[in-house]
Amino acid sequence: MLAAYVLGFSEGACAHFLDLARGGIHVYAAFATVPLQVFFVGLTVLDPLAVVLVGLVRSEGIRLAAAVMTLDVLANWIVNWPQLLADPTWLLRPVGLLPLTLFGLFVVATAVPLLRAADRQ
């Protein structure tokens with residue numbers, strides 16, 4: 001499960017770094033409010049931090065991962081909601097909201113068992 005966390009957060013970090021490289025600091029301005037823009041840019045720090053802490057099997061990393069994914073899924077549903085209302089098939093795209101939501105549910109569902117295992121070490 002920890003490997004899935006590391007892979008998922010590594011992919012997220014790369015996606016946000018690429019977004020910033022392509023569009024600069026205001027890359028999310030076209031569809032997100034300022035607080036959500038700040039959060040999405042902040043994921044360039046939070047995602048790699050989660051990778052490192054989870055990779056070290058630190059309980060702080062698992063807690064951070066669960067918090068980040070909860071906020072990330074919520075933020076993405078907020079910014080994608082108008083598109084989903086206009087075209088519900090938007091959710092079924094193989095890249096985007098669906099895989100992010102599934103990964104977020106996986107992280108939240110496995111956080112408590114992973115915390116128990118990490119605390120035993």
Side-chain angles (χ1 to χ4, degrees):
M1 284 190 274
L2 291 175
Y5 276 42
V6 168
L7 287 172
F9 281 96
S10 295
E11 188 278 332
C14 289
H16 289 284
F17 280 122
L18 287 173
D19 286 347
L20 285 176
R22 284 186 220 141
I25 195 85
H26 299 291
V27 66
Y28 305 111
F31 57 86
T33 62
V34 172
L36 291 176
Q37 292 176 54
V38 170
F39 174 71
F40 290 136
V41 171
L43 289 173
T44 60
V45 174
L46 295 173
D47 283 349
L49 181 59
V51 168
V52 170
L53 292 174
V54 166
L56 294 172
V57 194
R58 301 286 305 258
S59 60
E60 297 88 353
I62 297 164
R63 286 185 181 90
L64 175 65
V68 166
M69 284 314 301
T70 299
L71 294 173
D72 198 5
V73 169
L74 180 61
N76 273 279
W77 272 86
I78 289 169
V79 299
N80 283 287
W81 189 249
Q83 181 65 33
L84 284 167
L85 287 177
D87 179 13
T89 62
W90 182 260
L91 182 62
L92 302 176
R93 295 179 340 162
V95 175
L97 194 56
L98 180 61
L100 176 75
T101 302
L102 293 174
F103 180 66
L105 290 172
F106 168 77
V107 169
V108 170
T110 59
V112 171
L114 282 175
L115 281 168
R116 287 186 188 134
D119 288 342
R120 281 188 238 137
Q121 289 189 359

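All values below were derived from every heavy atom in this structure, side-chain atoms included, with hydrogens, water molecules and symmetry-related copies excluded.
- Checking side-chain atoms of Asn80 against main-chain N and O of Asn76 turns up a donor-acceptor pair under 3.5 Å.
- With values rounded to the nearest 0.5 angstrom, Met1 atom CE is found 5.5 Å from Thr110 atom OG1.
- The hydrophobic clustering, which links ILVMFWY residues whose side-chain heavy atoms are closer than 4.5 Å, places Leu49 and Leu56 apart.
- Identified under the side-chain hydrogen bond (donor to acceptor under 3.5 Å, both in side chains) test for residues 21-37, with sequence neighbours left out: His16-Tyr28, Asp19-Tyr28.
- Contacts classified as salt bridge (Lys or Arg N to Asp or Glu O under 4.0 Å) and involving residues 34-58 (residues at least two apart or in different chains) are given here: Arg58-Glu60.
- Shown here for Ala66 and Thr70, the closest heavy-atom pair between the two residues is O-OG1, 2.8 Å.
- Here the shortest heavy-atom pairing between Pro94 and Pro99 reads O-CG, 3.2 Å.
- Residues Leu7 and Phe106 are members of separate hydrophobic clusters, defined by side-chain heavy-atom contacts under 4.5 angstrom among Ile, Leu, Val, Met, Phe, Trp and Tyr.
- Residues satisfying the ring pair (Phe, Tyr, Trp, His ring centres under 6.0 Å) criterion with Phe103, sequence neighbours excluded, are Phe9.
- Counting only heavy atoms from C-beta outward, the side chains of Trp77 and Leu84 approach each other to under 4.5 Å.
- Looking at heavy atoms from C-beta onward, Phe31 lies out of side-chain contact with Leu36 at the 4.5 angstrom threshold.
- Here the closest heavy-atom approach between residue Leu71 and residue Phe39 is recorded as CB-CZ, 3.7 Å.
- Using a 4.5 Å heavy-atom threshold, the side chains of Leu105 and Met69 count as separate.
- Of all heavy-atom pairs spanning Leu91 and Leu98, the tightest one is O-CB, 3.0 Å.
- Between Val73 and Leu100, the closest heavy-atom pair is CG2-O, 3.7 Å.
- Each of Val45 and Ile62 belongs to its own hydrophobic cluster when Ile, Leu, Val, Met, Phe, Trp and Tyr are linked at side-chain heavy-atom distances under 4.5 angstrom.
- Taking hydrophobic clusters as Ile, Leu, Val, Met, Phe, Trp and Tyr residues chained together by side-chain heavy-atom distances below 4.5 Å, Leu102 shares a cluster with Tyr5.
- Among all heavy-atom pairs drawn from Pro113 and Ala109, the shortest one is CD-O, 3.8 Å.
- Under the 4.5 Å side-chain heavy-atom criterion for Ile, Leu, Val, Met, Phe, Trp and Tyr, Trp90 and Leu92 are members of distinct hydrophobic clusters.
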